[in-house]
Amino acid sequence: MTDKDLRPGARRATGIDRDLYEDLSRLNNELSTLQREMFKKNLELERLNQQKNRIVGMAAHDLRTPLGVILGYSEFLEAETAGALTAEQEEFIAVIKRTSEFMLRMVTDILDVTAIESGHLQLDRRLTDVVQLVEHSVKLNRVIASRKNIGVELDSVEVAESMLLLDAGKIEQVLNNLIGNAVKFSHGATQVQVRVTGSKESVTIAVQDHGQGIPAADLPKLFKPFGKASVRSTGGEQSTGLGLAIVRRIVEGHGGRVELESEVGKGSTFSVTLPIGAAPVPADRVVGEPVAARLGAPAGARILLADDNVVNQKLGLKQLRKLGYEADVVNDGREVLAAMESHDYALVLMDCEMPEMDGFAATAEIRRRQGPNRRTAIIAMTASGLETDREKCLAAGMDDYIGKPVKPEVLRQLLGRWLAPTTGQA
C-alpha cells in the first residue's frame with residue numbers, strides 16, 4: 001500500500017465505491033427476483049386466460065343451441081301464423097324473435113372478441129370477387145332495412161380489379177355490421193348508400209348514411225370493445241358495443257384499414273380499404289367454384305342429419321324441407337356409420353359434439369373406410385363459434401363448416417355449393 005492510498009480522501013473514496021457496489025448488487029438481486037416473480041405471474045395469467053377461453057367456449061355452446069332453437073321456431077311461427085293471430089300475439093312473437101336475435105349476437109360478438117384477443121383470428125383467404133360480396137350483403141340488408149322504410153342501394157362501382165384474397169365470411173361479417181349499423185341509426189324514409197371504388201393497389205368500400213351522425217367526443221371509443229356512442233338507435237335496436245372492434249381487427253388482419261367521417265345531424269361514412277393481393281391461388285381455393293359439378297351430386301339428393309338434440313333435429317328437418325331437400329336423422333356418430341353402410345348420401349350435416357361417438361371420430365372413420373361413401377361431403381355443425389373449432393373440423397377431414405344456430409339463408413348457400421340446386425325457397 002502506498003502513501004497515496006493511505007490519505008484520508010482516498011480511504012473515503014474506497015468506502016463509497018464499496019457501498020455503491022453493495023447497493024448495486026442488492027438492487028440487481030431484487031430485480032432478478034422481481035423478474036422471476038413476473039415470469040411466474042405471466043404464466044399464471046396465460047393459464048387463466050386459456051381457462052377463460054375454454055369456459056367461454058363451453059358457455060357459448062350451452063347458450064347458442066337453445067337460443068338458436070328459440071329464434072328458429074319464432075321465425076317459423078311468425079311466417080306461418082301471419083294473419084291468424086291477434087296483433088298482441090304477433091307482437092309477442094316479434095319480441096321473442098328480437099330478443100333471441102340480440103342475445104345470439106351478443107354471444108357471437110363475445111366469442112369473436114375472445115378469439116381475437118387470444119391471437120386466434122385465423123383467416124381462410126381465398127380469391128374472392130369483392131363486388132359480388134358487396135352486392136350480396138346489400139341484398140340481404142335491404143330486406144331488414146325495408147322494415148324501417150330505409151333503402152339500401154349500391155350507389156356506384158368503380159374498380160380496376162375486383163378479385164381479392166379475402167376471408168369472404170369475415171369480410172361479409174364486416175359489411176353486414178357496417179350496413180346494419182347504418183340502418184340502425186338512420187331515420188325512416190332515408191337511404192344508406194354503398195360505394196365500391198379502387199385502384200391498382202386497393203379497393204375501398206364506403207357505407208354512408210344520412211342519419212344522426214356521431215359526436216366528436218364519441219369517435220375515439222367506437223372501435224374499442226364495449227365502446228358505444230351516446231347516440232341512440234332510431235328503432236330501439238340494442239347493441240353490444242363489440243361490433244366495430246371486431247370490424248377493425250378483421251380488416252387490419254387483411255392488411256387493410258377502417259376510416260370514419262361523421263357530422264352530427266348529417267350522417268356518417270365508414271370506409272374499409274383492402275389491399276389487392278397478387279399471390280397466385282390454386283383453382284380449388286377460388287370462392288364460388290361449382291363444387292356440385294365436381295362431385296356430381298344429383299338434384300334432390302338425400303342428406304343425413306346427425307344431431308343428438310331432438311329439438312335441433314326437428315328444426316333442422318323443417319329448414320331442409322323448406323329448402324327442398326329430404327333428409328334422414330341419426331343421434332350420434334355410430335348411427336352415422338350404420339346409416340352410411342345401408343344408404344348413399346350426397347351430404348352429411350355432422351354435429352361435432354355427440355355422445356357415444358362425436359362428429360370428429362365419425363368423420364375420421366368414414367375417411368378411413370373404402371368404398372364410394374369415403375368421399376361423401378361432410379359439413380361440420382358446431383355451436384361454439386370459435387375460429388379454432390373451424391380449423392379443427394377441417395383438419396379432421398370435414399369439407400366445410402356451419403355455425404349454430406343455422407340460419408336458413410346461410411344453409412341454402414352452403415348446400416348450393418355442395419349440391420345441385422333445388423326448387424325449395426329459403
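Values in this document were obtained by computation on a predicted structure and should not be read as measured data.
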Do [X] and [Y] come within less than 4.5 Å of each other through their side chains, counting heavy atoms only?
{"X": "Val203", "Y": "Ser162", "result": "no"}
{"X": "Val329", "Y": "Asp307", "result": "no"}
{"X": "Val192", "Y": "Glu153", "result": "no"}
{"X": "Val311", "Y": "Leu315", "result": "no"}
{"X": "Lys314", "Y": "Tyr73", "result": "yes"}
{"X": "Thr269", "Y": "Leu260", "result": "no"}
{"X": "Val196", "Y": "Leu154", "result": "yes"}
{"X": "Asp328", "Y": "Leu305", "result": "no"}

Contacts of Asp209 that satisfy side-chain hydrogen bond (donor to acceptor under 3.5 Å, both in side chains) - sequence neighbours left out: none
Under the 3.5 angstrom rule, does the side chain of [X] hit a backbone N or O of [Y] as a donor-acceptor pair?
{"X": "His254", "Y": "Asp167", "result": "yes"}
{"X": "Ser146", "Y": "Val143", "result": "yes"}
{"X": "Thr86", "Y": "Gln89", "result": "yes"}
{"X": "Thr204", "Y": "Ser271", "result": "no"}
{"X": "Ser262", "Y": "Ile214", "result": "yes"}
{"X": "Thr128", "Y": "Arg126", "result": "yes"}

Minimal non-hydrogen separation, [X] against [Y], with atom names:
{"X": "Val131", "Y": "Val159", "value": "CG2-CG2, 4.0 Å"}
{"X": "Ala380", "Y": "Met398", "value": "CB-SD, 3.1 Å"}
{"X": "Ala362", "Y": "Met350", "value": "CB-CE, 3.9 Å"}
{"X": "Asn141", "Y": "Val152", "value": "O-CG2, 4.2 Å"}
{"X": "Tyr345", "Y": "Asn373", "value": "N-OD1, 4.4 Å"}
{"X": "Val330", "Y": "Ala339", "value": "CG1-CB, 4.2 Å"}

Residue that, paired with Ile379, satisfies side chain to side chain contact (heavy atoms under 4.5 Å, CB included) out of Leu415, Asp400, Ile303, Val348: Asp400
Test side chain to side chain contact (heavy atoms under 4.5 Å, CB included) applied to Asn177 and Leu244, Ile250, Ile246, Val207, the passing residue: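 Exactly one candidate clears the test, Leu244.
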Going by distance alone, is a donor N or O of one side chain under 3.5 Å from an acceptor N or O of the other, for [X] and [Y]?
{"X": "His187", "Y": "Gln212", "value": "no"}
{"X": "Gln191", "Y": "His210", "value": "no"}
{"X": "Glu201", "Y": "Ser199", "value": "yes"}
{"X": "Ser186", "Y": "Lys148", "value": "no"}
{"X": "Asp155", "Y": "Gln208", "value": "no"}
{"X": "Thr273", "Y": "Ser202", "value": "no"}

[X] [atom1]: over 12 foreign heavy atoms closer than 6.0 Å:
{"X": "Lys221", "atom1": "NZ", "result": "yes"}
{"X": "Met103", "atom1": "CE", "result": "no"}
{"X": "Glu91", "atom1": "CD", "result": "yes"}
{"X": "Arg367", "atom1": "CZ", "result": "yes"}

With the threshold set at 4.0 Å, does a side-chain nitrogen-carboxylate oxygen contact exist between [X] and [Y]?
{"X": "Glu75", "Y": "Lys318", "value": "no"}
{"X": "Glu252", "Y": "Arg257", "value": "no"}
{"X": "Glu37", "Y": "Lys40", "value": "no"}
{"X": "Arg417", "Y": "Asp399", "value": "no"}
{"X": "Arg195", "Y": "Glu158", "value": "no"}
{"X": "Arg368", "Y": "Glu365", "value": "yes"}
{"X": "Lys170", "Y": "Glu172", "value": "no"}

Sequence neighbours excluded - salt bridge (Lys or Arg N to Asp or Glu O under 4.0 Å) pairs with any residue from residues 337-349: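 Matches after skipping sequence neighbours: Glu341-Arg369.
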Enter the distance from [X]:[atom1] to [Y]:[atom2] here, rounded to the nearest 0.5 Å.
{"X": "Glu90", "Y": "Phe92", "atom1": "CD", "atom2": "CZ", "result": "11.5 Å"}
{"X": "Glu356", "Y": "Arg334", "atom1": "CD", "atom2": "CZ", "result": "6.0 Å"}
{"X": "Asp129", "Y": "Glu161", "atom1": "CG", "atom2": "CD", "result": "8.5 Å"}
{"X": "Arg142", "Y": "Ile150", "atom1": "CZ", "atom2": "CD1", "result": "13.5 Å"}
{"X": "Thr382", "Y": "Phe360", "atom1": "OG1", "atom2": "CZ", "result": "6.5 Å"}
{"X": "Gln173", "Y": "Leu178", "atom1": "CD", "atom2": "CG", "result": "10.5 Å"}

Over-ring placement of Arg248 relative to Phe223, 6.0 Å and 45° cut-offs: yes
From CA spacing to verdict: side-chain contact (heavy atoms from CB on, under 4.5 Å), Val406, Leu414: CA-CA 11 Å; Val406 177; Leu414 183 142; over 6 Å; no
Side chain to side chain contact (heavy atoms under 4.5 Å, CB included) involving Ile70 - partner list, sequence neighbours excluded: Ile96, Ser100
Test log, rule salt bridge (Lys or Arg N to Asp or Glu O under 4.0 Å), inputs Lys404 and Asp351: CA-CA 9 Å; Lys404 292 182 178 179; Asp351 186 24; 3.1 Å; yes
